[in-house]
Amino acid sequence: MLRMKERDYLIKPVLGQQYPIAASAKGIYIYDQDGKKYIDGSSGAVTVSIGHGVQEVINETLAQAEKISFSYRSQFTNEPAEKLAKKLSQLAPGDLNWSFFVNSGSEATETAMKIAIQYWQEKGQPQKDRIISRWTSYHGITMGALSMSGHALRRQRFSSMLADYPSVSAPYTYRRPDNLTEEEWGLLCAQELETEIRRIGEERVAAFIAEPIIGASGGAITPPANYYQKIKEICERCNVLFIADEVMTGIGRTGRMFAIEHWNVTPDLITLGKGMSSGYTPMAATLVSDKVMEPILNGSKSIIGGHTYSANPQSAAVALKVIKYVEKHQLVEKAEEQGIYLMSKLKALLESYEMIGDVRGKGLLIGMEFVADRGKKNPYPPELNVTNRVIKQAFEKGLLVYPASGAINGMGDAIIISPPLVITKEEIDSLVDILEEAISEVQCELSMEGKINATVQV
């Protein structure tokens with residue numbers, strides 16, 4: 001007798017697709033219900049920085065639950081949130097001494113946008129309400145955060161409802177003009193910001209937002225050394241706040257506590273998420289400088305924002321324990337060290353596989369871009385689904401990597417390799433071996449289909 005498949009009740013990313021059930025996890029590994037082991041080569045969604053199943057964090061979760069799991073921020077403060085805010089103040093560069101806690105990266109970037117606009121309102125300049133952002137960027141899926149995002153594929157369905165914020169180019173050095181050095185291209189892209197501020201009118205622009213290293217929209221696109229110094233100089237000269245979106249890069253991922261520190265620049269606001277709690281609890285934050293808080297403290301004395309679970313004591317306690325674990329085990333330094341090793345192994349693949357166009361990134365946030373013609377850097381046609389093919393082959397072999405396609409006006413194929421910061425060299429070797437097998441098989445598939453050199457002009 002045929003058994004009817006039980007209907008779905010959970011809305012999954014692709015409706016009707018069968019997903020294995022994640023049953024347990026430890027260190028860099030996830031196990032499904034059938035016992036199959038996967039290397040978490042993407043830390044989930046670039047999230048599980050300290051690895052899975054850390055007993056210290058599990059113990060802290062239970063200990064806080066036995067005290068208090070919820071209090072509402074308009075009625076009480078709580079000790080874990082106060083301690084977490086103090087710790088972030090100690091870690092953050094410059095005068096970023098204030099924390100506003102939310103539940104996700106999208107909420108953090110949207111909160112940063114609102115605080116930036118409120119800052120100018122409190123200073124008597126309410127007309128400064130425009131945010132400038134970059135094409136090839138992703139700041140979140142809520143409507144305000146998506147308005148700031150230049151991720152063409154994710155904007156598509158809602159474009160008529162979104163604010164027209166993305167307007168300047170990202171410093172995508174792999175695709176710079178042939179006659180320019182990386183530094184020249186970086187300065188040219190930065191100068192575009194000043195041109196756009198002048199076009200809109202300095203009196204109308206509140207802030208510029210950027211990911212220090214572009215994640216989901218570009219596959220770890222990393223600017224040249226001079227880019228952010230020029231951006232900061234332009235923002236200060238043009239009276240515009242600078243928001244660094246560190247949701248993906250923050251708390252050690254790139255070999256610095258905050259990725260923007262690679263460029264020796266201090267933003268006015270920083271957003272955090274993902275690695276801040278390492279996936280053990282929903283938690284994110286907007287860090288705000290004394291400069292930005294000053295007119296609010298002297299004015300309305302209230303940030304217009306917040307959610308039911310903002311500054312939740314349970315999540316704050318867990319996030320604080322995660323950050324202390326990062327410090328205790330020197331995971332920021334390990335991310336830099338292991339990142340150098342992983343980068344060298346991935347660069348070696350570039351020499352062997354024609355479909356790999358570029359390998360880039362910092363620390364344990366590394367992107368790999370696939371191209372149909374390495375000489376011309378032309379992308380594959382979107383209908384070939386090259387990114388998904390690589391991810392699927394890797395998944396079947398027991399490796400998780402993260403998609404980052406669409407960087408070239410909605411086209412282009414790339415993945416992110418971003419394992420937990422606790423990964424060892426031996427585990428990196430295993431990760432790269434599986435990834436190489438997956439890429440080799442996809443390259444063979446494309447060749448057999450006669451599509452290895454199929455290109456799209458850009």
Side-chain angles (χ1 to χ4, degrees), residues 85 88-89 92-102 104-134 137-140 142-150 162-168 190 193-194 196-212 228 231-247 250 258 260 265-273 284-307 310:
L88 290 171
S89 168
D95 65 342
L96 286 143
N97 292 318
W98 298 81
S99 291
F100 194 108
F101 295 123
V102 291
S104 70
S106 297
E107 293 172 30
T109 57
E110 194 149 326
T111 297
M113 173 186 73
K114 291 175 179 175
I115 291 174
I117 291 169
Q118 185 178 343
Y119 166 79
W120 294 110
Q121 291 172 344
E122 304 269 4
K123 285 174 69 70
Q125 299 180 65
Q127 73 280 4
K128 284 176 78 75
D129 60 1
R130 182 69 181 266
I131 310 294
I132 295 177
S133 61
R134 304 183 301 202
S137 68
Y138 182 61
H139 301 292
T142 58
M143 296 304 279
L146 194 58
S147 288
M148 295 187 290
S149 300
L162 301 176
D164 188 21
Y165 285 155
S167 52
V168 299
L193 172 61
E194 183 164 10
E196 184 67 2
I197 292 170
R198 301 302 181 199
R199 186 187 71 80
I200 296 169
E202 180 182 316
E203 71 283 356
R204 292 182 55 210
V205 180
F208 170 68
I209 186 169
E211 302 157 90
Y228 281 114
I231 287 290
K232 180 65 174 175
E233 174 202 315
I234 290 167
C235 286
E236 289 187 346
R237 179 157 35 84
C238 295
N239 220 18
V240 168
L241 298 178
F242 175 33
I243 304 168
D245 177 356
E246 297 250 14
V247 170
F258 300 89
I260 198 66
V265 164
T266 301
D268 299 296
L269 299 99
I270 288 177
T271 60
L272 295 174
T286 304
L287 308 187
V288 189
S289 65
D290 289 340
K291 165 192 165 180
V292 172
M293 287 298 296
E294 184 181 10
I296 300 171
L297 287 165
N298 294 331
S300 68
K301 293 182 170 55
S302 179
I303 299 291
I304 307 303
H307 306 264
S310 292

Check: [X] side chain, [Y] main-chain N or O, donor-acceptor pair, under 3.5 Å:
{"X": "S137", "Y": "G150", "value": "yes"}
{"X": "S310", "Y": "F101", "value": "yes"}
{"X": "E246", "Y": "I260", "value": "yes"}
{"X": "S89", "Y": "A85", "value": "no"}
{"X": "S149", "Y": "Y138", "value": "no"}
{"X": "R199", "Y": "E194", "value": "no"}

Are [X] and [Y] side-chain neighbours, meaning at least one heavy-atom pair lies under 4.5 Å?
{"X": "H307", "Y": "E107", "value": "yes"}
{"X": "L96", "Y": "V288", "value": "no"}
{"X": "F208", "Y": "R134", "value": "yes"}
{"X": "I231", "Y": "L193", "value": "yes"}
{"X": "M143", "Y": "E110", "value": "no"}

Test side chain to side chain contact (heavy atoms under 4.5 Å, CB included) applied to I197 and I132, step by step: CA-CA 8 Å; I197 292 170; I132 295 177; 3.7 Å; yes
Distance-only polar pair, side chains of W120 and D129, donor-acceptor under 3.5 Å: no
Pair T109, D245: side-chain N/O donor-acceptor within cut-off below 3.5 Å: no
If you look at every heavy atom in [X] and [Y], which pair is closest and at what distance?
{"X": "S133", "Y": "H139", "result": "CB-NE2, 4.5 Å"}
{"X": "C235", "Y": "L241", "result": "SG-O, 4.3 Å"}
{"X": "Y228", "Y": "A210", "result": "OH-CB, 4.1 Å"}
{"X": "A108", "Y": "T271", "result": "O-CG2, 3.4 Å"}
{"X": "P267", "Y": "F242", "result": "CB-O, 3.5 Å"}
{"X": "K291", "Y": "D95", "result": "N-OD2, 3.3 Å"}

Side chain to side chain contact (heavy atoms under 4.5 Å, CB included) between L272 and F258, intermediate numbers included: CA-CA 9 Å; L272 295 174; F258 300 89; 3.8 Å; yes
Carboxylate-amine/guanidinium contact K128 E202, below 4.0 Å: no
Once rounded to the nearest 0.5 Å, what's the spacing between atom [atom1] of [X] and atom [atom2] of [Y]?
{"X": "L269", "Y": "T111", "atom1": "CG", "atom2": "OG1", "value": "10.5 Å"}
{"X": "I270", "Y": "L88", "atom1": "CD1", "atom2": "CG", "value": "10.0 Å"}
{"X": "R204", "Y": "R130", "atom1": "CZ", "atom2": "CZ", "value": "6.5 Å"}
{"X": "I296", "Y": "K123", "atom1": "CD1", "atom2": "NZ", "value": "11.0 Å"}
{"X": "S167", "Y": "I200", "atom1": "OG", "atom2": "CD1", "value": "5.0 Å"}
{"X": "L287", "Y": "W98", "atom1": "CG", "atom2": "CH2", "value": "13.0 Å"}

Identified side-chain hydrogen bond (donor to acceptor under 3.5 Å, both in side chains) counterpart of Q118 within the set Q121, K114, E122: E122
CD (E294) with more than 12 external heavy atoms under 6.0 Å: no
Side chain to side chain contact (heavy atoms under 4.5 Å, CB included) between Y119 and D268, worked out: CA-CA 11 Å; Y119 166 79; D268 299 296; over 6 Å; no
